[in-house]
Amino acid sequence: MLQELDPADRVKIPLAADTFIGHIHMRARSPETLMAFYLGVLGFRPHIQSATFGLFDCRTEERPHMVAFNIWARDELKEPPLGAAGLEHFTVVLATREDLAAVARRLGDAHVPSLQTDGALDLSDPEGNRLRMVLASDLSDGCRPEPGGGQWR
């Protein structure tokens, strides 16, 4: 729908300051590889793994359905053209510095490149999806997830 806009059109549809996205679905070439990464390296827990349905899903202690991968477009999956709308990265909120340090250690052990700054960790999963892991204490009040939601322990 937004592709129909002329470049001169100025559409500003801001999200409310307290907007919170509870889960995300991503297309995958190899959901098994992604599940191994999200479970074994990042520390998520398994939720749904259905090869028949083509859906694989991981959870956290607080959110039973947080990151899902599907194979519904596996054969047609192509990189979008430069400048196309899409997901730049998604953010996972961690409760403590110890949680962030544990993820950083597991990434190092798995030889996964990452960039760590004070209170944040930027990385890509095996299919190139970018993640930012941040501390809950570093979020501004307007960006804080609902109590118990988005926290990853």
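Hydrogens, waters and symmetry mates are skipped; everything else that's a heavy atom, side chains included, is used.
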Hits for side-chain hydrogen bond (donor to acceptor under 3.5 Å, both in side chains) against R132, two or more places apart or cross-chain, chain-then-number order -> D122

Indicate the ring-plane relationship of Y38 and F69, choosing parallel, tilted or perpendicular according to the 30° and 60° boundaries.
-> tilted

All heavy atoms of V41 vs all of A110, minimum pair found to be CG2-CB, 3.9 Å

Residue of the set V67, L42, T91 for which side chain to side chain contact (heavy atoms under 4.5 Å, CB included) holds with L131 | L42

Identify each donor-acceptor pair in which a side-chain atom of residues 46-56 lies under 3.5 Å from a protein atom, sequence neighbours left out, and give them as a table.
| from | atom 1 | to | atom 2 | distance (Å) |
| --- | --- | --- | --- | --- |
| H47 | ND1 | P64 | O | 3.3 |
| H47 | NE2 | P64 | O | 3.3 |
| S50 | OG | F53 | N | 3.0 |

To the nearest 0.5 Å, tell me how far R27 CZ sits from N129 CG.
-> 10.0 Å

Gap between atom CG of L123 and atom CG of L107 - 0.5 Å precision | 5.5 Å

Sequence-distant partners of R130, salt bridge (charged side-chain N to carboxylate O under 4.0 Å, His left out), two or more places apart = none

Which atoms form the tightest heavy-atom contact between G119 and L100, and what is the distance?
-> C-CD2, 3.8 Å

Under the side-chain hydrogen bond (donor to acceptor under 3.5 Å, both in side chains) test, residues paired with E98 that sit two or more places apart | T96

For V134 against A120, the heavy-atom pair lying closest together | CG1-CB, 4.2 Å

Atom pair CZ/CZ of F37 and R106 - distance to nearest 0.5 Å | 10.0 Å

At what distance, to the nearest 0.5 angstrom, does CZ of R97 lie from OG of S137?
-> 6.0 Å

All side chain to side chain contact (heavy atoms under 4.5 Å, CB included) counterparts of A104, not counting sequence neighbours = Q116, L121

Heavy-atom nearest pair, E127 first then A28, reads OE1-CA, 3.4 Å

Sequence neighbours left out, what passes side chain to side chain contact (heavy atoms under 4.5 Å, CB included) with A36? Give chain and number order.
-> none

What heavy-atom pair brings C58 and F44 nearest, and what distance separates the two atoms?
-> CB-CB, 3.7 Å

